[in-house]
Structure formats: C-alpha cells, structure tokens
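To start, the structure under review is shown below, and the notes come after it.
None of the values given here were measured: they were computed from a predicted structure. Residue numbers run from 1 in the order of the sequence given.
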Amino acid sequence: MVTRFAPSPTGRLHVGHGWSALLAMAMARENGGLFRLRIEDIDGTRSRPEHVDGIIRDLQWLGIEWDGDIVFQSARLDHYEAALDRLRGMGLLYPCFCTRADIAASTTAPHGTEGPTYPGTCRPLSKGESARRISAGQAHAWRIDMAAAVDRAGPLSWDALPFPPASTTQAIRMAADPLAAGDVVLARKDAPASYHLSCTLDDAAMGVSHVLRGEDLRAATDVHRLIQALLGLPSPIYCHHPLLVGADGKRLAKRDGSIALADLRAQGMDPRQLAQDLQAARFPVGISLASA
C-alpha cells in the first residue's frame with residue numbers, strides 16, 4: 001500500500017490539512033505500506049517558497065513522517081507536457097481563449113456545485129483560427145473535449161472505500177460520470193498543467209495505491225479515472241473523508257484565514273496531544289465535521 005499527502009504551498013496548513021495527512025499516514029502504517037509527500041507547487045501566481053518551508057515544519061511538528069524524498073511538481077513539468085502532447089495527438093484537446101468572466105456571463109453555461117460548467121464556446125473553432133490566435137499571443141488554456149474522450153474510453157468505474165476505512169473493508173465499485181464535469185481544463189493559462197492532469201500523473205508515477213482526500217474532491221475522481229483510462233495509467237482505490245468546518249459552519253480554507261497549525265504551535269499546543277485528538281476525530285474548539 002502507498003498513500004500520500006499532496007498540499008499546495010499557497011498558504012498555511014490548517015487543522016483540516018493536518019487531519020488529512022494523519023489519516024493518510026495511519027492508513028499506510030497500519031497496512032505495512034509507505035506514506036509519501038508531494039508538494040503541488042506549479043501555481044506560479046500563488047505558490048511561495050516560504051509556504052513550502054511552513055508545510056514541512058507543520059508536518060514535522062505534528063509528528064508526521066514520510067517515506068522517500070519529497071516530490072515537487074515543479075520538477076515534473078516535462079511529464080505533464082508529454083501527456084498533453086499524447087492527448088492532443090488523440091484529437092482530444094482544444095485551446096480555449098475564454099476568461100472566467102466570459103464563462104460566468106454565458107447564458108448557456110450550466111451551473112454545478114462549483115459554479116458554471118464550461119459551455120464549449122471554443123470547441124467549434126477551426127484549427128486555423130485557433131492557431132492564428134495562439135500566434136497572436138492570445139492567452140489560452142487547453143481543455144479536453146469530454147464527449148469525445150468519454151466516447152474513446154468507454155464506460156468507466158473506480159473503487160471507493162467508505163470512511164473511515166478498515167482493513168476488512170471491501171471497496172465499492174462506483175460508476176464514473178466525467179461528462180458531468182464538462183470540458184475541464186488540463187493546462188491552465190497561468191500553469192503548465194491543471195490539478196486534474198498533474199495529480200493523476202503524479203499518483204501513477206509515485207505508485208500510489210490508495211488516495212485518501214477530502215469529500216470535496218469526490219466528483220473530480222470521475223475526471224481522473226478518465227485520464228487514467230486514456231493514458232493507460234493504473235487506478236488507485238479512493239477514500240474521501242468529511243470536511244471540517246468552523247464555528248460559522250463554513251469549510252476550513254486557507255484563503256479564509258482558517259486557524260493554522262502554525263498558530264496552534266505558536267500558542268504552545270502540545271503536538272502529540274493534538275495528533276492523538278485529530279486521529280480520534282476530536283477537534284479544537286469551534287471546529288467540527290461537516291454535516292453529510
């Protein structure tokens with residue numbers, strides 16, 4: 001068994017991150033496996049070296065130990081580009097010149113739980129028109145033609161473990177529905193690869209067999225399963241844990257200034273006790289599990 005924790009250095013880790021890392025490490029240790037650490041640092045506009053240092057300090061303070069070297073996504077850019085080239089060669093990617101404002105303003109964009117789904121505005125553009133815009137320096141992302149990709153891959157499914165997992169727990173086969181996500185971005189305008197592509201490729205390269213992550217990423221698993229099928233990658237077993245919320249009922253998030261592990265360390269909190277409490281699903285005052 002190989003599990004992993006894969007934070008982005010775009011802010012300080014909060015209690016939810018610490019809980020997730022402890023859960024993934026415990027799953028590996030209890031099954032005689034490996035626990036890996038990956039830093040997802042390809043967001044050039046928000047990733048900061050000081051946040052990388054902070055992540056390492058926070059995890060070490062909490063008693064989290066990983067196996068092997070830390071994997072940095074910034075060292076794997078050629079792998080992402082090679083995968084993009086393969087998908088372009090299959091005729092499954094197209095450049096998209098739309099801004100977020102364009103998509104939000106579109107009257108044809110269906111809205112899901114994470115906002116408007118891309119309505120396919122740039123999909124019909126001819127190769128000549130797309131090439132002209134790219135040559136003119138127009139910023140663009142690369143999107144996957146989801147309908148064409150699903151048609152090529154055929155019916156898909158992935159294995160899920162209920163939370164909390166146990167050694168005797170049997171995985172449940174889940175039907176994948178990547179079409180619901182629309183034509184997602186695989187290479188962003190401001191980054192060489194999107195989360196969907198980089199995460200899927202890295203899990204395969206690191207030999208990750210079990211992915212334990214937040215419930216907010218459950219829907220993304222359908223997209224990741226599709227990418228695995230298209231590129232001939234193995235599919236891990238997935239387990240999605242509940243999210244943590246603050247006293248206001250909102251999910252903990254770096255961008256909202258949720259209480260950070262560094263704050264608790266500065267307050268003199270005992271890290272061993274905190275780790276024990278988190279593993280037992282006992283959280284600091286004002287923090288609780290999100291309602292199902």
What pair of heavy atoms forms the shortest contact from [X] to [Y], and how long is it?
| X | Y | answer |
| --- | --- | --- |
| Ile42 | Ala193 | CD1-O, 3.4 Å |
| Ala187 | Leu84 | CB-CD1, 3.7 Å |
| Leu201 | His79 | CD1-O, 4.0 Å |

Any residue meeting ring-ring contact (aromatic ring centres under 6.0 Å, His included) with [X], in chain and number order, not counting sequence neighbours:
| X | answer |
| --- | --- |
| Tyr80 | none |
| Phe72 | none |
| His210 | none |

Going by the rule side-chain hydrogen bond (donor to acceptor under 3.5 Å, both in side chains), which residues pair with [X] if we only count those two or more places apart in sequence or in a different chain?
| X | answer |
| --- | --- |
| Ser288 | none |
| Thr3 | none |
| Gln273 | Asp277 |
| Ser126 | none |

Can you tell me if [X] uses its side chain to pair, donor with acceptor, with the backbone of [Y] under 3.5 Å?
| X | Y | answer |
| --- | --- | --- |
| Asp222 | Ala176 | no |
| Ser209 | Val2 | yes |
| Arg225 | Ser157 | yes |
| Trp19 | Leu278 | yes |

Rounded to the nearest 0.5 Å, how far apart are [atom1] of [X] and [atom2] of [Y]?
| X | Y | atom1 | atom2 | answer |
| --- | --- | --- | --- | --- |
| Ile237 | Met27 | CD1 | CE | 9.0 Å |
| Leu230 | Leu87 | CG | CG | 6.0 Å |
| His224 | Leu197 | NE2 | CG | 9.0 Å |
| Ser198 | Arg76 | OG | CZ | 9.5 Å |

Practice item. Kindly state each residue pair satisfying salt bridge (Lys or Arg N to Asp or Glu O under 4.0 Å) with at least one member in residues 3-17, sequence neighbours excluded. Key: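 The answer is Arg4-Asp203, Arg12-Asp263.
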Check your understanding: What salt bridge (Lys or Arg N to Asp or Glu O under 4.0 Å) pairs are there with at least one residue in residues 142-164, not counting sequence neighbours?
Key ->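 The answer is Asp159-Arg173.
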Exercise for review: Report the relative orientation of the aromatic rings in Phe97 and His140; use parallel for angles under 30°, tilted for 30 to 60°, perpendicular for over 60°.
Suggested key: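 It falls in the tilted class, 30° to 60°.
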Practice item. Using the side-chain hydrogen bond (donor to acceptor under 3.5 Å, both in side chains) rule, collect all pairs that involve residues 82-102, keeping only residues at least two apart or in two chains. Key: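 Only Glu81-Arg88, Asp85-Arg88, Tyr94-Asp183, Thr99-Asp102 qualify under side-chain hydrogen bond (donor to acceptor under 3.5 Å, both in side chains).
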Check your understanding: Is the closest basic N to carboxylate O distance between Asp67 and Arg36 below 4.0 Å?
Key ->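 No.
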Check your understanding: So Arg188 and Asp43, salt bridge (charged side-chain N to carboxylate O under 4.0 Å, His left out) or not? Walk me through it.
Key -> CA-CA 9 Å; Arg188 292 165 40 188; Asp43 187 335; 3.6 Å; yes
**Study point:** Cluster check Met90, Leu93: I/L/V/M/F/W/Y, side chain < 4.5 angstrom
**Key:**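 Looking at the clustering, Leu93 is in the same group as Met90.
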Practice item. Answer yes if Leu92 and Leu179 sit in the same cluster of Ile, Leu, Val, Met, Phe, Trp and Tyr residues linked by side chain heavy atoms under 4.5 Å apart, and no otherwise. Key: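 Looking at the clustering, Leu179 is in the same group as Leu92.
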Under 3.5 Å, side-chain donor or acceptor atoms of residues 238-249 against the rest of the protein: list the pairs with distances, not counting sequence neighbours.
residue, atom, partner, partner atom, Å
Tyr238, OH, Gln228, NE2, 2.9
His240, NE2, Arg213, NE, 3.4
His240, NE2, Thr221, OG1, 3.2
His241, NE2, Ser20, OG, 3.0
Asp248, OD1, Lys250, N, 3.0

Check your understanding: Can you list every ring pair (Phe, Tyr, Trp, His ring centres under 6.0 Å) pair that touches residues 38-68, not counting sequence neighbours?
Key ->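 Of all non-adjacent pairs touching residues 38-68, none passes ring pair (Phe, Tyr, Trp, His ring centres under 6.0 Å).
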Exercise for review: State whether the number of non-hydrogen atoms from other residues, nucleotides or ligands found under 6.0 Å of Glu65 atom CD is greater than 12.
Suggested key: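 No, because the 6.0 Å sphere around CD of Glu65 holds 12 heavy atoms or fewer from other groups.
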Check your understanding: How far apart are the C-alpha atoms of Leu59 and Leu13, what are their side-chain angles, what is the distance that settles it, and do they pass the side-chain contact (heavy atoms from CB on, under 4.5 Å) test?
Key -> CA-CA 9 Å; Leu59 296 180; Leu13 297 186; 4.0 Å; yes
